[in-house]
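Given the structure is predicted, the values throughout are model-derived calculations rather than measurements. We count ligands from 1, going down the list as the structure has it; atoms in each ligand are counted the same way.
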Amino acid sequence: MKTYRIALVPGDGIGKEVIPAGQRILDALTSAELSLHFRFEHFDWGGDYYRRHGVMMPSEGLDALRKHDAILFGSAGDPNIPDHITLWGLRLKICQGMDQYANIRPTRILPGIDTPLKHCKPEDLNWMIVRENTEGEYSGVGGRTHQGHPLEVATDLSVMTRAGVERILRFAFRLAQARPRKLLTVITKSNAQRHAMVMWDEIAAQVAAEFPDVQWDKELVDAATARMVNRPASLDTIVATNLHADILSDLAAALAGSLGIAPTANLNPERVYPSMFEPIHGSAFDIMGKGLANPIGTFWSIVLMLEHLGETSAAHRLMLAIEHVTANPRLHTRDLGGNATTADVTEAVCAQLAAKAQDIHP
Ligand code: ATP
């Protein structure tokens, strides 16, 4: 029996609904997958914690997380706290503190889900977006001076290091190599951003030489948005900077049907630190507490977590259960045009896991 220690950080808004749903799935998987067991520790960090303590998470929080095999995260965001405080105080603090430099975002049109793209068949859209997750435009370097005066100055410095760019590009080439099409698109803005982005292009060409079996091309980020809409099948693995990939992956999620479905993994590939798994949506305060949150983004993130832990058969089983449920329009939540609740979808996935377990262990 293999036991994994999982840190649960629901955070804010609908994170407090989808993470308990995710825990329910892991429990169901424990009964279905007899060789697996999960031990949970709950962390109540986020907006409410900030109101009590003046910080989103305690200073020793990273040490507490390090003891775990993986982190399952909900969202950070609060209508009464500025977004840069909630983001930097929790999610980015964990990503940077744990050196989770590779953020991956698989995008597919799941069975039963409609894409807003008129001529796109489900098999035409199967992407893996790789986002540099620790530096670039979100490095946090910059400042403000002369605040409130007419000559006020504000800077956000985009920091690209050769080591940081090289490691994310190598990660992306390796990932592309492991996928059937072995196809990578490197996205930059090296026409207008003529220093760091030109360095990206140069390093991409150097790293490409290590992967002769991977076919790769380059695209500017603005052209990439049009290509995602007009020629989705021409893309497979995509790598981009922190900011560019952040924007492209929201577009990708919308093209694949809903923000509520999309998963992500913040990986520390060398496994020095635990990696973190989360739905890509935010705290969605407009639907909080109503049972309307689509938990599929969290469940798919758990699939990524199981894959990272090496539990490929459990990951596969959960993905099949998710696809079985999305294929049924009666189990669609409101973001997908249906009436199902978070609990309906969760119980349906659990029931499917239990049914599969019956097949395997009659
Ligand atoms: P934040 O500021 O934390 O990023 P947000 O509310 O601005 O949060 P998102 O949470 O990413 O942004 O979502 C935008 C909208 O998409 C929400 O207002 C909500 O209506 C819808 N949405 C997002 N996630 C889900 C979900 N899991 N289920 C249903 N609807 C969702």
Side-chain angles (χ1 to χ4, degrees), residues 9-25 45-51 56-57 72-95 103 105-107 110 112-116 129 131 133 138 242-243 245-264 266 276-304 322 325-326 329-349:
V9 187
D12 303 313
I14 60 170
K16 290 180 181 158
E17 293 165 64
V18 293
I19 295 304
Q23 184 179 357
R24 172 97 184 78
I25 294 297
W45 303 335
D48 292 337
Y49 190 93
Y50 182 87
R51 271 181 281 278
M56 293 288 287
M57 65 184 276
L72 189 60
F73 186 83
S75 67
D78 188 293
N80 301 312
I81 306 172
D83 283 342
H84 66 275
I85 291 179
T86 55
L87 187 63
W88 278 98
L90 190 54
R91 191 182 164 276
L92 290 184
K93 191 166 177 167
I94 298 172
C95 288
N103 178 256
R105 301 183 164 200
T107 310
L110 298 186
I113 306 295
D114 286 333
T115 167
I129 300 179
R131 168 182 176 186
N133 212 28
Y138 299 175
N242 214 331
L243 171 68
D246 188 10
I247 297 167
L248 293 180
S249 53
D250 260 34
L251 171 62
L255 296 178
S258 168
L259 206 54
I261 294 174
T264 188
N266 303 283
M276 178 161 77
F277 303 83
E278 55 171 337
I280 83 163
H281 63 74
S283 41
F285 271 84
D286 54 330
I287 57 166
M288 181 179 96
K290 298 178 181 159
L292 296 174
N294 188 343
I296 294 290
T298 300
F299 300 167
W300 195 349
S301 302
I302 291 173
V303 172
L304 300 180
I322 291 170
V325 167
T326 62
R330 285 200 309 278
L331 291 169
H332 285 183
T333 43
R334 201 172 69 175
D335 55 310
L336 298 172
N339 294 314
T341 62
T342 312
D344 295 336
V345 178
T346 307
E347 291 318 309
V349 174

Under a 4.0 Å N-O cut-off, is there an ion pair linking Lys290 with Glu17?
-> no
Give me the residue, atom name and distance of the protein heavy atom closest to [atom].
atom: atom 24 (N) of ligand 1; answer: His281 CB, 3.1 Å
atom: atom 22 (N) of ligand 1; answer: Ala284 CB, 4.3 Å
atom: atom 8 (O) of ligand 1; answer: Ser283 N, 3.3 Å
atom: atom 31 (C) of ligand 1; answer: Ile287 CD1, 3.9 Å

Heavy atoms only: which of [options] is nearest to [atom]?
atom: atom 18 (O) of ligand 1; options: Asp250, Thr86, Asp286, Ile280; value: Asp286
atom: atom 16 (O) of ligand 1; options: Leu259, Asp12, Asn294; value: Leu259
atom: atom 9 (P) of ligand 1; options: Ala253, Gly77, Gly282, Gly11; value: Gly282

Could you tell me whether the side chain of [X] and the main chain of [Y] form a donor-acceptor pair under 3.5 Å?
X: Asn294; Y: Ile261; result: no
X: Thr333; Y: Leu292; result: no
X: His332; Y: Asn339; result: no
X: Asp12; Y: Gly46; result: no

Which of the numbered atoms in ligand 1 are below 4.0 angstrom from a heavy atom of Ala76?
-> 3 (O)
For Asp246, all residues meeting side-chain contact (heavy atoms from CB on, under 4.5 Å), sequence neighbours excluded | Arg105, Arg131, Tyr138
Partners meeting side-chain contact (heavy atoms from CB on, under 4.5 Å) with Asp286 (sequence neighbours left out) | Ala284
Has Ala293 got any heavy atom lying under 4.0 angstrom from an atom of ligand 1?
-> yes
Which pair of heavy atoms, one from Ala253 and one from Ile280, lies closest together, and at what distance?
-> CB-CD1, 3.8 Å
Is it the side chain, the backbone, both or neither of Pro295 that has a heavy atom closer than 4.0 Å to ligand 1?
-> neither
Atom 29 (C) of ligand 1 protein-contacted, heavy-atom criterion under 4.0 angstrom | yes
